[in-house]
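Please read the structure below before turning to the comments.
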Amino acid sequence: MHQLTYGDIKAATERITGRVRPVTLAAVEHGAIGTADQVWLALEFMQYTGSFKARGAQNFIQAHRDAGTLPEAGVTIASGGNAGLACAWAAQQQGVRATVFLPTIAPPVKVAKLRGYGADVRLVGAEYAEALAACEEFATATGALASHAYDHPLIAAGAGTLLEEIHRQIPDLDTVVVAVGGGGLFAGVATAARHHGIRTVAVEPENCRALNAAIDAGRVVDVPVDSIAADSLGARRTSQMALAAAQHDGVRSVLVPDSEIVRARQALWDDRRIAVEHGAATALAGLLTADQQVLGEKVCVVLCGANTDARTLMQP
């Protein structure tokens with residue numbers, strides 16, 4: 001297993017600066033959210049493709065290009081979510097072929113968006129597992145470079161560049177709060193945060209607790225997935241990199257119920273007209289759950305993605 005290091009984050013920062021959008025931070029009025037002394041929202045949902053995934057995808061492709069290991073067949077991934085969109089976008093930016101595998105039940109809007117990024121979309125099987133198997137067969141047969149949604153050091157390191165940008169804007173930050181699915185964003189952010197002496201709060205839905213369960217077990221384990229945020233945080237198991245990052249001092253694991261995720265997402269819309277996906281709202285729900293632990297601190301909450309249906313937000 002590759003142990004993610006701060007050097008990986010620095011290298012990723014050098015590779016992708018100028019190729020992704022710098023994160024925008026929005027200060028929250030004092031006392032508006034919990035007991036933290038100062039709170040900022042990291043508006044990473046404004047990133048290319050609508051989520052932080054663009055960072056890892058760009059780093060993955062650029063690193064292979066720099067190393068001369070980018071094959072003629074291009075890259076391939078099985079994902080109709082944020083990772084697939086990011087991979088297709090980064091490939092288009094780099095002039096690289098991208099072949100994306102999806103189950104046949106994939107929403108037409110996602111298929112259209114992927115094709116809009118120039119991807120060759122292959123619809124295979126009724127479930128994700130079948131699409132993944134087809135993707136692996138394609139990579140073996142053609143020599144295409146297989147990407148992953150989160151469990152790869154280049155993907156996680158790219159995600160960690162987000163914390164570097166946050167730290168440059170708030171050098172005396174105490175704590176960063178981030179939602180966790182498979183663990184790529186968490187692993188990258190926590191690794192960079194540890195280097196700068198910043199604590200990390202890792203937030204998961206109560207019924208999508210792959211990282212929390214791995215911490216309890218001391219090893220990566222499979223968990224059931226059942227949450228309103230499962231579309232982006234529904235990994236059945238976390239990565240070894242994420243578990244290793246979580247086992248350091250300065251990391252807290254927090255679980256939140258779906259009701260709090262819904263409330264946090266609605267509050268962002270009602271108060272600021274910010275429409276994020278449930279996975280992004282999970283981080284804010286986690287701040288409110290960990291409220292007393294950040295008493296008087298300077299805290300940044302990462303709003304990691306906004307690939308959502310805004311029609312599900314009620315008018316106040």
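Given the structure is predicted, the values throughout are model-derived calculations rather than measurements.
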Strictly distance-based, threshold 3.5 Å: is any side-chain N or O of [X] a donor or acceptor partner for the main-chain N or O of [Y]?
X	Y	result
Glu260	Val256	no
Glu204	Val254	no
Thr76	Thr99	yes

Practice task
Using the six-membered ring of Tyr6, assess whether NZ or CZ of Arg194 lies under 6.0 Å from its centre and within 45 degrees of the ring axis.
Solution key: no
Handout entry: Lys NZ or Arg CZ of Arg273 over Trp269 ring: under 6.0 Å, within 45°
Key = yes
Please examine the side chains of [Y] and [X], heavy atoms only from C-beta on, and report whether any two atoms are closer than 4.5 Å.
X	Y	result
Leu185	Cys304	yes
Leu41	Val28	yes
Leu43	Leu25	no

Exercise for the section: Only one of Ile215, Asn212, Val220, Val221 passes side-chain contact (heavy atoms from CB on, under 4.5 Å) with Thr238; say which it is. Expected result: Val220
Fill in the blank from the handout: Test side-chain contact (heavy atoms from CB on, under 4.5 Å), reference Leu70, set His64, Gln62, Gln94, output is His64
Fill in the blank from the handout: Residue pairs passing the salt bridge (Lys or Arg N to Asp or Glu O under 4.0 Å) test with at least one member in residues 154-180, sequence neighbours excluded, are Arg55-Glu165, Asp172-Lys298
Practice task
Name all pairs fulfilling the salt bridge (Lys or Arg N to Asp or Glu O under 4.0 Å) condition that reach into residues 210-222, sequence neighbours left out, sorted by first residue then second.
Solution key: Arg209-Asp216, Asp222-Arg237
Handout entry: Lys10 NZ to Thr161 OG1 distance, which is reported to the nearest 0.5 Å
Key = 11.0 Å
Problem - Glu44 bridged to Arg21 by N-O distance under 4.0 Å - result: no
Exercise for the section: Go through the steps to decide whether Val39 and Leu287 satisfy the test side chain to side chain contact (heavy atoms under 4.5 Å, CB included), and finish with yes or no. Expected result: CA-CA 10 Å; Val39 177; Leu287 172 62; 4.2 Å; yes
Practice task
Evaluate the criterion side chain to side chain contact (heavy atoms under 4.5 Å, CB included) for residue pair Cys87 and Val75; output intermediate values, then yes/no.
Solution key: CA-CA 8 Å; Cys87 182; Val75 297; 3.8 Å; yes
Practice task
Could you give me the CA-CA distance, side-chain angles and deciding distance for Asn207 and Ser227, then say whether side-chain hydrogen bond (donor to acceptor under 3.5 Å, both in side chains) is met?
Solution key: CA-CA 6 Å; Asn207 296 319; Ser227 169; over 6 Å; no
Minimum heavy-atom separation for [X] to [Y], with atom names?
X	Y	value
Thr200	Ala190	OG1-CA, 3.6 Å
Ala42	Ile166	CB-CD1, 4.0 Å
Ala78	Leu132	CB-CA, 3.6 Å
Asn59	Ala157	ND2-CB, 4.1 Å

Handout entry: side chain to side chain contact (heavy atoms under 4.5 Å, CB included) between Ile61 and Leu154, intermediate numbers included
Key = CA-CA 9 Å; Ile61 292 177; Leu154 289 170; over 6 Å; no
Exercise for the section: Determine, stepwise, if the pair His148 / Tyr150 fulfils ring-ring contact (aromatic ring centres under 6.0 Å, His included). Expected result: CA-CA 6 Å; His148 195 278; Tyr150 60 88; 4.9 Å; yes
Exercise for the section: Tell me, yes or no, whether the heavy-atom count around Arg97 atom CZ, taken from other residues, nucleotides or ligands under 6.0 Å, exceeds 12. Expected result: no
Practice task
Assess whether side chain to side chain contact (heavy atoms under 4.5 Å, CB included) is satisfied between Phe101 and Glu130, documenting all intermediate values.
Solution key: CA-CA 9 Å; Phe101 287 81; Glu130 294 175 80; over 6 Å; no
